[in-house]
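All figures in this text were calculated on a predicted structure; none of them were measured in a lab. When a residue number appears, it is its place in the shown sequence, counting from 1.
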Amino acid sequence: MNSKTKSILSISMLLLILTGIFIYNNIYNKPFVNISESTPNISIESNELVDSFSNNENAANAKYLEQIIQVQGSITEITAGKNGNSIITLGNENTIGNVTCYISSEESLKTNNLKIGQHINIKGICTGYLMDVVLVKCVIIE
């Protein structure tokens with residue numbers, strides 16, 4: 001290898017390393033977002049949110065992904081996750097999918113008073129659509 005090729009290779013490696021550092025800092029060092037104190041970007045009924053994703057997932061991803069969403073709907077299921085946090089599913093018999101809300105650990109105690117069929121407001125971050133719309137870090141709005 002001649003010195004010109006070595007220089008180009010060295011500069012390319014340096015640029016690759018700097019790009020990696022930049023991506024790492026932007027992805028893994030996101031600031032903490034306090035969902036309970038944040039204003040939702042979008043407020044929507046659970047069936048409308050599911051319909052948006054089932055009708056056009058790409059458009060719905062562009063609109064809702066990584067957004068703080070306040071969703072209203074009827075509880076169809078309350079379960080405990082692997083880490084002990086509650087998972088609330090919102091939906092109705094008219095929709096194909098549901099909204100699955102992973103409740104934050106601080107909020108999980110509030111789920112003890114909830115009942116199937118109860119209408120509720122939940123705020124969380126939309127992470128996408130996997131047969132159901134998924135919201136994480138959710139808090140119950142009273």
Quick check against the 3.5 Å criterion: does [X] have a side-chain atom that pairs as donor or acceptor with the backbone of [Y]?
{"X": "N41", "Y": "I68", "answer": "yes"}
{"X": "K123", "Y": "S38", "answer": "yes"}
{"X": "E37", "Y": "N34", "answer": "no"}

- Message: What's the separation between atom CG in L135 and atom OG in S46, rounded to the nearest 0.5 Å?
- Response: 10.0 Å
Extract all donor-acceptor atom pairs below 3.5 Å that involve side chains of residues 57-64 and protein atoms in other chains or at least two apart in sequence.
| unit_1 | atom_1 | unit_2 | atom_2 | d |
| --- | --- | --- | --- | --- |
| N61 | ND2 | E57 | O | 3.4 |

Acceptor/donor pairs from residues 70-80 side chains to any protein atom, 3.5 angstrom cut, sequence neighbours excluded:
| unit_1 | atom_1 | unit_2 | atom_2 | d |
| --- | --- | --- | --- | --- |
| Q72 | NE2 | S43 | OG | 2.9 |
| T76 | OG1 | T89 | O | 3.2 |

Remaining members of the apolar cluster that contains [X], side-chain heavy atoms under 4.5 Å:
{"X": "L15", "answer": "I11"}
{"X": "M13", "answer": "none"}
{"X": "L14", "answer": "L18"}

- Mind checking side chain to side chain contact (heavy atoms under 4.5 Å, CB included) for V134 and listing every partner two or more places apart, or none if nothing turns up? Y102, T127, V136
- Item | side-chain hydrogen bond (donor to acceptor under 3.5 Å, both in side chains) against S54, all qualifying residues, sequence neighbours excluded | none
- Is L49 linked to M131 within one hydrophobic cluster, defined over Ile, Leu, Val, Met, Phe, Trp and Tyr using a side-chain heavy-atom separation of less than 4.5 Å? no
- Message: Going by ring-ring contact (aromatic ring centres under 6.0 Å, His included), name the pairs with one or both residues in residues 105-142, residues two or more places apart or in two chains.
- Response: F53-Y129
